[in-house]
Amino acid sequence: MVKRILVGIDGSKSSWVAADYGIYFSKKMKKPVVGIHIVDIRLLETPFIEDLAGALGFTTYIDITPKLKEILDERGKALLNEFAKKCREAGADCSIAQAFGIVANELVDMADPEDLLIVGKTGIHNKFAPLFLGSTSEAVARKSKSPVMITTDRFMEIKNILLAFDGREKSIHAAQYLNQFAVELGIEKIDVVTVLEEKSGEREKHIKELLDSHLQLEYEVQFLYGYPDEELEKYILENKERFQLVTMGAYGESRIKELILGSTTSFIMNKSPIPVLLVK
């Protein structure tokens, strides 16, 4: 199912953890891993350059832009060389690529639907916030045609997977994706959690029927009751030492509804202390 594993490398701690997962999956699944660094062109735009020139005591920013571009380019190459070295030492099948552009857009454009795209939750440019509005990892998750894994700052070998399942189309896709993904990791049984607004034997029966129809793995399902965001966050936090990966459908609501009610995907992606795998 997974054709390639693409990893976003920006030098942050979480991106190196993403690299560790990329190498781990490459060896487990026997698939190539590609380390990608995008030089963010927003760092070369006039407002940022003017601020940088002012901070350095320059009266003009014209001469700074080419030098900064060169520095960023060389930095990217150094990061990718370090990634390639890690890959070689681990015995993984890897390659590297670099481009200039908007980070999220470039990463998404490089990924095919059959690829797995891995990015760190907190990138190197978080230190510039609020210069750049929004999270690169969230933008990648929203725009990507391929499944996206958002990593935390700690690598853990994946032995137990939690599927957050609500019975809608995207969560069904997530369940189907795990049928091969989990097996390739040597996992034959997963845990499922479903949050319902209130107790309903009919609704629980329907969820189990959907799981039986679409999930080929052995599973155990836990029903919770209340608001999905709150109950899922609480359950994941209580079981953060038990599970090493949360899998869920990505952005099942329309953007209009998300603006009014919020997005469970974004909430869990930001709150989860363990990596989150999002499937469209």
Side-chain angles (χ1 to χ4, degrees), residues 1-2 108 111 113-119 121 135 137-150 158 160-183 187 189-239 243 245-272 274-280:
M1 181 179 292
V2 176
V108 168
E114 301 81 15
D115 294 334
L116 171 61
L117 185 51
I118 308 177
V119 293
K121 183 188 295 186
S135 158
S137 57
E138 184 169 346
V140 168
R142 282 189 179 279
K143 297 176 180 180
S144 178
K145 306 176 293 294
S146 64
V148 176
M149 180 173 169
I150 310 295
I158 299 174
N160 297 295
I161 298 175
L162 176 67
L163 170 65
F165 187 82
D166 63 11
R168 290 182 294 180
E169 182 182 14
K170 297 295 178 65
S171 68
I172 289 174
H173 291 169
Q176 293 169 333
Y177 188 80
L178 286 179
N179 287 330
Q180 183 171 340
F181 182 84
V183 170
I187 297 170
K189 179 179 179 180
I190 66 168
D191 286 80
V192 181
V193 61
T194 296
V195 182
L196 304 176
E197 291 183 0
E198 57 186 11
K199 268 187 171 291
S200 169
E202 183 178 344
R203 181 67 177 146
E204 290 180 14
K205 180 183 177 183
H206 178 63
I207 290 293
K208 289 178 180 178
E209 288 173 347
L210 287 173
L211 288 169
D212 288 340
S213 296
H214 299 286
L215 196 59
Q216 298 167 10
L217 301 162
E218 185 180 351
Y219 72 89
E220 183 174 329
V221 61
Q222 171 78 43
F223 289 101
L224 306 175
Y225 309 95
Y227 293 106
D229 296 7
E230 296 175 3
E231 294 301 323
L232 277 177
E233 180 192 14
K234 181 181 176 183
Y235 188 79
I236 293 169
L237 286 173
E238 290 175 348
N239 292 276
F243 301 114
L245 181 66
V246 177
T247 305
M248 60 191 300
Y251 301 104
E253 301 288 1
S254 69
R255 291 303 299 269
I256 298 296
K257 193 168 183 180
E258 284 182 15
L259 288 172
I260 299 171
L261 301 177
S263 165
T264 298
T265 303
S266 295
F267 185 84
I268 297 303
M269 186 177 73
N270 287 305
K271 295 287 187 178
S272 176
I274 60 178
V276 178
L277 175 62
L278 303 171
V279 181
K280 292 287 182 71

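The residues of the chain are indexed from 1 along the displayed sequence.
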Reported [atom1]-to-[atom2] distance for the pair [X] and [Y], which is rounded to 0.5 angstrom:
{"X": "Lys199", "Y": "Glu204", "atom1": "NZ", "atom2": "CD", "result": "5.5 Å"}
{"X": "Glu230", "Y": "Glu233", "atom1": "CD", "atom2": "CD", "result": "8.5 Å"}
{"X": "Asp229", "Y": "Lys271", "atom1": "CG", "atom2": "NZ", "result": "10.0 Å"}
{"X": "Ile207", "Y": "Phe223", "atom1": "CD1", "atom2": "CZ", "result": "6.0 Å"}
{"X": "Leu211", "Y": "Lys208", "atom1": "CG", "atom2": "NZ", "result": "9.5 Å"}
{"X": "Asn160", "Y": "Lys189", "atom1": "CG", "atom2": "NZ", "result": "10.0 Å"}

Check whether any side-chain N or O of [X] sits under 3.5 Å from a backbone N or O of [Y] as a donor-acceptor pair, and report yes or no.
{"X": "Ser144", "Y": "Ala141", "result": "no"}
{"X": "Lys121", "Y": "Ser272", "result": "yes"}
{"X": "His173", "Y": "Lys280", "result": "yes"}
{"X": "Thr194", "Y": "Phe165", "result": "yes"}

Report yes if some heavy atom in the side chain of [X] is under 4.5 Å from a heavy atom in the side chain of [Y]; otherwise report no.
{"X": "Ile150", "Y": "Val148", "answer": "yes"}
{"X": "Leu277", "Y": "Leu116", "answer": "yes"}
{"X": "Glu202", "Y": "Lys205", "answer": "no"}
{"X": "Phe243", "Y": "Ile190", "answer": "no"}
{"X": "Leu215", "Y": "Val192", "answer": "yes"}
{"X": "Thr265", "Y": "Leu278", "answer": "yes"}
{"X": "Asp191", "Y": "Gln222", "answer": "no"}

Are Glu138 and Arg142 close enough, and set up right, to give a salt bridge (Lys or Arg N to Asp or Glu O under 4.0 Å), and what steps lead you there?
CA-CA 6 Å; Glu138 184 169 346; Arg142 282 189 179 279; 3.7 Å; yes
[X] to [Y] - nearest heavy-atom pair and separation:
{"X": "Val195", "Y": "Gly226", "answer": "CG1-O, 3.6 Å"}
{"X": "Met149", "Y": "Ile158", "answer": "CE-CD1, 4.4 Å"}
{"X": "Val246", "Y": "Ile236", "answer": "CG2-CD1, 3.9 Å"}
{"X": "Leu217", "Y": "Ile187", "answer": "CD2-O, 3.9 Å"}
{"X": "Asn179", "Y": "His214", "answer": "ND2-O, 3.0 Å"}
{"X": "Val140", "Y": "Val108", "answer": "O-CG2, 3.9 Å"}

Between Asp115 and Ser146, a side-chain donor and acceptor under 3.5 Å:
no
May I ask you to check whether over 12 heavy atoms, not counting those of Tyr227, lie within 6.0 Å of atom OH?
no
Could you tell me whether Lys234 atom NZ has more than 12 heavy atoms of other residues or ligands within 6.0 Å of it?
no
Could you give me the CA-CA distance, side-chain angles and deciding distance for Thr247 and Phe181, then say whether side chain to side chain contact (heavy atoms under 4.5 Å, CB included) is met?
CA-CA 11 Å; Thr247 305; Phe181 182 84; 5.8 Å; no
